[in-house]
Amino acid sequence: IESAAAALGYPEGLSIPSIYGRLSRDGGTLYGPAILDEYDRLLAEARARAQEVFERMPTTPIEIVGDTYGGYYRPAPADGSRPAQFVAPTSGSQPPYAMPTLTYHETVPGHHMQIATASELDLPLLRIVETYLGYTEGWALYAERLAWELGWYEDDPYGNLGRLSDEMMRAVRLVVDTGIHTMGWSLDEAVDYFVDNTGRSTSFARDQVLRYAVWPGQSTAYMVGFLKMLELRERAREALGEGFDLPSYHTRILENGSLPLEILERIVDRFIADAATGE
């Protein structure tokens, strides 16, 4: 975060809250219909870009709808009565720097790529509707990282700082969850730590901390799954060398629906063995 801020000409020594306070002023603000227009643009761009690293794209349509408290994905119902939906936060104002990573997490290459693909496969119903948090949210964090690895932020330094803010939030969650549930942190201690290290507002931090307090381990499952996703990809890359194919690897990760991470690991090991023998 500090080096990315320095590249924008920000002075050294700024705190994380100061960096993001300045970024909110410098990066502009969107209101009303302009918020949905920007999310639409980001989704269309992501769908076009993702085709280079995925063998198949979901055919289930997705629409963006606004809500006061948005920021989540709503799968399409099995009867096809409506499209899948990215419920975007549209009340008040929205800083554009925070929008790309949220789009990639919830739509493409994140939850829509994952959940809509599973719904289109010939899988037993249980394997379509059941979710394992480490897999589901681990994939969404992997999708965020993949967008960065593919260079989607190269011309968007503000969006890259938004990505880093979200990565910092994922890391802070590990500390806060542990602080609350094993070290006896108070609400104020947890909120202060969250604000100091992410630059988010106190009200946002408080809502997040209350979530962690009543749902132990939920937020840490995101990072557990993400780290396993990266570990398995690099295992396959190192084992196969020039024979590693990222699109076919992504197919193997997504073609079985949501899985416990232990079973996903077995599937990747089988992928490595099959690729090594040309099967």
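Predicted, not measured: the structure shown is a model, and the values here were computed from it.
- Of the charged side-chain nitrogens involved, at least one lies within less than 4.0 Å of a carboxylate oxygen, so that Glu231 and Lys228 count as a salt-bridged pair.
- Side chain of Ser258 to backbone of Tyr132: a donor-acceptor contact under 3.5 angstrom is found.
- Leu121 places none of its side-chain heavy atoms less than 4.5 Å from the side chain of Asn256.
- Counting only heavy atoms from C-beta outward, the side chains of Glu45 and Trp152 never approach each other to under 4.5 Å.
- For Glu52, the CD atom sits in a packed shell: over 12 heavy atoms of surrounding residues, nucleotides or ligands are nearer than 6.0 Å.
- Residues passing the salt bridge (charged side-chain N to carboxylate O under 4.0 Å, His left out) test with Asp269, sequence neighbours excluded: Arg235.
- For an aromatic pair to be called close, the ring centres must be under 6.0 Å apart, and His112 with Tyr73 satisfies this.
- Contact annotation: the side chain of Arg252 approaches that of Asp274 to within less than 4.5 Å [non-hydrogen atoms, C-beta and beyond].
- Side chain of Glu265 to main chain of Leu232: no donor-acceptor pair is present (N/O by atom type, distance under 3.5 Å, no hydrogens or angles).
- Taking a cutoff of 4.0 Å between a charged side-chain nitrogen and a carboxylate oxygen, Arg200 and Asp166 qualify as a salt bridge.
- Counted by atom type alone, Arg233 and Tyr142 present one or more donor-acceptor pairs between their side chains at under 3.5 Å.
- At least one side-chain heavy atom of Phe271 sits under 4.5 Å from a side-chain heavy atom of Leu240.
- Side-chain contact between Ile1 and Leu161: present, with at least one pair of heavy atoms (C-beta onward) separated by less than 4.5 Å.
- A donor-acceptor pair under 3.5 Å links the side-chain atoms of His181 to the main chain of Tyr212, judged by distance alone.
- Classification of Glu262 and Arg266 as a salt-bridged pair fails, no side-chain N sitting under 4.0 Å from a carboxylate O.
- Annotation: cation-pi geometry satisfied between Arg173 and Tyr222 (NZ/CZ under 6.0 angstrom from ring centroid, within 45° of ring axis).
- In this structure, Thr178 contributes its side chain and Leu174 its backbone to a donor-acceptor pair below 3.5 Å.
- Remark: side-chain polar atoms of Thr29 are not paired, donor with acceptor, to backbone N or O of Gln94 under 3.5 angstrom.
- Between Arg22 and Leu8 the shortest side-chain heavy-atom distance does not fall below 4.5 Å.
- Distance alone, capped at 3.5 Å, is enough to place a donor-acceptor pair between the Tyr20 side chain and the Ser165 backbone.
- The backbone N or O of Pro109 sits less than 3.5 Å from a side-chain atom of Trp139, completing a donor-acceptor pair.
- Applying the side chain to side chain contact (heavy atoms under 4.5 Å, CB included) test to Leu14 and every residue at least two apart in sequence or in another chain returns Tyr10, Pro11, Ser18, Ile19.
- The aromatic rings of Tyr249 and Phe244 sit tilted, their planes meeting at an angle between 30° and 60°.
- For Glu120 (side chain) and Pro58 (main-chain N/O), no donor-acceptor pair under 3.5 Å exists by modelled atom type.
- At least one side-chain heavy atom of Tyr193 sits less than 4.5 Å from a side-chain heavy atom of Val172.
- One side chain, Ser81 or Asp79, offers a donor N or O that lies under 3.5 Å from an acceptor on the other.
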